[in-house]
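Numbers here simply count residues along the sequence, with the first being 1. All ligand and atom numbering here is 1-based and tracks the order in the structure. The analysis underlying the following values was restricted to heavy atoms, covering all of them including side chains, and did not include hydrogens, waters or symmetry mates.
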Amino acid sequence: TADEEQMLFGNKINLEDYENNRQEIFHQQPIDTSPHTLELPKREVDILRLEVTQFQERVDRNGLKSLSAEEKSEFESRKELLHTLQKNNKNESFLLPEDYLTEEGKIDLAKKAKALKMDMKAERKQRENEWYENQVNRAQQVNQLTKLKKETVNETEKQYEYVFDQSHMIDYVPDIPEDEMKELENKIELEELIVQEEKRISSIEETKKSLPVFQFRDELLRSVGKYQVLIVVGETGSGKTTQLPQYLYEAGYGKHGKMIGCTQPRRVAAVSVAARVADEVGTRVGDKVGYSIRFDEKSSENTVIKYMTDGMLVREFLTDHDLAKYSVMIIDEAHERTLQTDILLGLFKNLLKKRPDFKLIISSATINAKKFSDYFDSAPIFNVPGRRYPVEIFYTQQPEANYLSAAIITVFQIHMSQKSSGDILVFLTGQDEIETMAENLAETCKKLEGQIKEMVICPIYANLPPEQQKRIFEPTPKNARKVVISTNIAETSLTIDGIVYVIDCGFVKENVYNATTGMESLEVLPCSKASADQRAGRAGRVGPGKCFRLYTKWVYLNDLPRNPTPEILRTDLTGVVLLMMTLGITDLVHFDFMDKPSTKTLVKALELLYALGALNERGELTNVGIKMAMFPTKPMLSKSLLASSELKCCDEVLSIVSMLEDTGSLFVNSKEKKEMAKNAHASFHSKIGGDHLTLLQIWDKFAESGFSPQWCHDNFLQYKVLQKARSVKKQLQRICRRLGLLSDGPHESEREPNTTALRVMKAITAGYFSQSARLSPRGDTYTTLSRKQPVLIHPSSTLHGAVPPVKLIVYHELVMTTKEFMRHVMPVQGKWLAEYGRNYFDKKDLL
Ligand code: ADP
Ligand code: MG
């Protein structure tokens, strides 16, 4: 209570003021050293020193370089603040750094700081409570100790209060030797921590035991022991993903230096599940439990349980043909039938013969299990019966023209009309939609503040930073309702407890590939019936639920396809064909795919690989091809990188490629400062090089600013996206260095800006000639060079509406909305296309 607070900490500063100051400080504003801001409540100092200690520990362990620029500046400013505080509070011994930087102190604090990564607010609250409890306890203990030492302390209630206050506390223990006292205190604190840890463990144990798979633990392990391949089928949320690897570990599959692997189709799921399991096992992510996703790996020699994306495992085959590191592999979410999962299934079919000791578990939601069993020579199916409560389904009466606004209205309808608690899960198709909806909900809530119950809005999609991903799992506060807005990640990959209402837009964003034109684009399409049913099922996990479908029953019955199409049948295969060739699989037509891709698609892939120089006329892998396969990027990007080395602009192309890798939307579109944002963005526009060189300009300026968050903010750019690109670039750089591509850089004479731009553009063309288009004679649309398909420049491009329009361009990708739009576009010269595309184009294409 406020009284207690005042008693404990003195009412020296208003918390809100402090927060403002803190914000300022952390953005590297000059520190205000006037006394009133420095006399902070002690618990704030406590938090501050925890943070500084954490940073210090990281620096001790991995050096100052391991901190990002942002973290470094945070570290510095916090340290400085702490020092200033110490200077001004000399009589308060607990503020001296020596006190908490002792070995014991560190260990102790490291434990307390475990929750540091949590959301700022929750974190602060928890620490406040912890600190408060600690203080009360300590005060009581110290009190008792003092009594034991027969210090004549007359314990009246008043004096007891004094003990609460650290500055007074010191007066009570003048005669006990300080180290002895400290030892005792440490012991007490340690015991306290042990009790807390025990509590945490017992609650985790309880949760684990309550999951449906738990009852089948022994039977499951027996079956794994008996059969080489086992199909495990169970309702989403029954514990397959989080528990199976732990059971296997407990049964000894992690011994003798072998690992237990588990693949996930989605990056978000791999990261989030690894975090959860690390917590359950009582280890840090990257220690016993780790993960590996493209451009981000957290694992070590200690790792025994590794979650990874299916794509990363395919890549592991490149360096470890027999997967010797693993004793067992779980192919999770196999029903999703992603391209990489299908490739894995084929690769494992071969591997199983070579490694009789190896175990394979295919885990899937309740669709299509039979097909997996058939594929693996009638492998046994282990069914985990799940619980599922009835879900009432509602349809709209008429088709909704705009599902986004329908979804928003429905959320409020539920929120206001349903008295009971119960969270809402909304399925939309992508990041932009999700962010729009989240903003809209937040705005409306703000307007209605006080009139409606609180709403906790949690977006979730692949590019969401991990700290924010965690939020969706946090318990909903009393009297509030959580609204999770998700892509189909939450369909089966992630289970969020507490969902009672589901809103389903009925669409999904997918790759669509046309083998005749060789064009691939992202498209929003009706989802399958199986997906719609899975989505509805999410409402029935904790009790009876409701699902609101934003389409009519007629559409459900007549328009939705029964099952989703496996990705291998609707995507460009250039990348996987190259990988498989590198693995020595040359006869792709006779490879045992679960669903065979069309010959046309395979031929298209081979043709492009030949044109890129990855294969020779006989269809054999070339040195160029081998090098291209070393990059975890699409073959066309890899080729641009290889070409850039010859053209002496490797660093520039690396920057561009890193920003083209899907890191999320870079530009911040401020509503209030629309003009300012527009001008800021326009200042980066490249006159000659279109979107690619615009990205390069942004990168260069970002680097010039010292990778400053403030600079990003001032220029309406997402700092997080650029940070991500920076990390991607570092990793690609490493590969380039290994391949000897990053030699000395251009000579002084070659470093002239204009020629650099041209060389960069040529390098991009070397990879992207197949995605080129020419302005139509009427000057308003474009047609692709090789197949004469109509395409338009995406409105987000710097070349959109250029006067005069650019005649010849290459594009990075296609997005299909009402028409096929080219996103990330760059002007090219016909002679470059002729040069790099000589094995691709017919003569008449280029005329
Ligand atoms: P399945 O793989 O069978 O769908 P999971 O193992 O993913 O089931 O989920 C089991 C339980 O663990 C669920 O109750 C889910 O809510 C919980 N869970 C999974 N991941 C997390 C997480 N990151 N944070 C908190 N709880 C989680
Ligand atoms: Mg799962």
Student: Please check if any side-chain donor atom of Tyr291 sits under 3.5 Å from a side-chain acceptor atom of Gln264, or the reverse.
Tutor: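 Absent: no donor and acceptor within the cut-off.
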Student: Out of all atoms in ligand 1, which are within 4.0 Å of some heavy atom of Arg541? Include the element for each.
Tutor: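 Those qualifying, in numeric order: 13 (C), 14 (O).
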Student: Are any of the N/O atoms on Thr236, whether in the backbone or the side chain, positioned under 3.5 angstrom from an N/O atom of ligand 1?
Tutor: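 Not met; the criterion fails.
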Student: Look at the aromatic rings of Phe317 and Phe348 and report parallel, tilted or perpendicular, splitting at 30° and 60°.
Tutor: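 Geometry flag for Phe348 against Phe317: perpendicular rings.
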Student: Which ligand 1 atoms does Glu235 reach within 4.0 Å, using its non-hydrogen atoms?
Tutor: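 Listed by number with element: 3 (O).
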Student: Can you find a heavy atom in the side chain of Gln718 that is under 4.5 Å from one in the side chain of Lys724?
Tutor: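 No; the side chains remain at least 4.5 Å from each other.
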Student: For atom 5 (P) of ligand 1, tell me which residue out of Thr242, Val233, Val213, Val232 has the closest non-hydrogen atom.
Tutor: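 Closest candidate by heavy-atom distance is Thr242.
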Student: Is Lys208 touching ligand 1 with its side chain, its backbone, both, or neither, if touching means heavy atoms under 4.0 Å apart?
Tutor: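 Neither; nothing of Lys208 gets under 4.0 Å from ligand 1.
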Student: For ligand 1 and Gly237, I'd like to know whether there is a polar contact (N/O to N/O, distance under 3.5 Å).
Tutor: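 It does: an N or O of Gly237 is found under 3.5 Å from an N or O of ligand 1.
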Student: Looking only at distances, can you tell me whether any N or O atom of Glu333, backbone or side chain, sits closer than 3.5 Å to an N or O atom of ligand 1?
Tutor: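 For ligand 1, there is no N or O atom that lies under 3.5 Å from one belonging to Glu333.
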Student: If the cut-off is 2.8 Å, does any N/O/S atom of Thr236 fall short of it from the Mg ion (ligand 2)?
Tutor: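 Thr236 does not place any N, O or S atom closer than 2.8 Å to the Mg ion (ligand 2).
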Student: Assess, by modelled atom type and distance only, whether the side chains of Thr565 and Arg570 contain a donor and an acceptor separated by less than 3.5 Å.
Tutor: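 On atom types as modelled, these side chains do not qualify, holding no pair under 3.5 Å.
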Student: Could you tell me if Thr338 and Glu336 have a donor-acceptor pair between their side chains, going purely by distance under 3.5 Å?
Tutor: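 No donor-acceptor contact under 3.5 Å links the two side chains.
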Student: Any N/O of Asp497 closer than 3.5 Å to an N/O of ligand 1?
Tutor: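 In this structure, Asp497 places an N or O atom under 3.5 Å from an N or O of ligand 1.
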Student: Determine the sole option in Arg266, Gln534, Glu333 for which the side chain to side chain donor-acceptor pair (under 3.5 Å) test with Thr492 is passed.
Tutor: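 One option only clears the test, and that one is Glu333.
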Student: Give the atoms of ligand 1, by number and element, whose distance to some non-hydrogen atom of Ser238 is under 4.0 Å.
Tutor: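 Matching atoms, with element in brackets: 1 (P), 3 (O), 8 (O).
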Student: Would you mind running through ligand 1 and noting each atom that sits below 4.0 Å from a heavy atom of Lys240?
Tutor: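 Counting atoms of ligand 1 from 1, those under 4.0 Å from Lys240 are 1 (P), 2 (O), 3 (O), 4 (O), 6 (O), 8 (O).
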Student: Say whether, by atom type as modelled, one donor and one acceptor occur between the side chain of Arg541 and the main chain of Gly237 under 3.5 angstrom.
Tutor: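 Yes, Arg541 side chain to Gly237 backbone: donor-acceptor pair under 3.5 Å.
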Student: Give a yes/no verdict on whether any heavy atom in Ser272 is under 4.0 Å from an atom of ligand 1.
Tutor: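 It does, in that a heavy atom of Ser272 comes within the 4.0 Å cut-off of ligand 1.
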Student: Polar contacts were defined as any N/O atom of the residue lying under 3.5 Å from an N/O atom of the ligand; does this apply to Thr495 and ligand 1?
Tutor: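 Yes - when backbone and side-chain N and O of Thr495 are compared with those of ligand 1, one distance drops under 3.5 Å.
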Student: Consider every N or O of Gly239 and every N or O of ligand 1, then say whether any pair is closer than 3.5 Å.
Tutor: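 Between Gly239 and ligand 1, an N or O pair is found under 3.5 Å apart.
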Student: Is there a donor-acceptor contact under 3.5 Å linking the side chains of Asp533 and Tyr556?
Tutor: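 Distance-only check passes for Asp533 and Tyr556.
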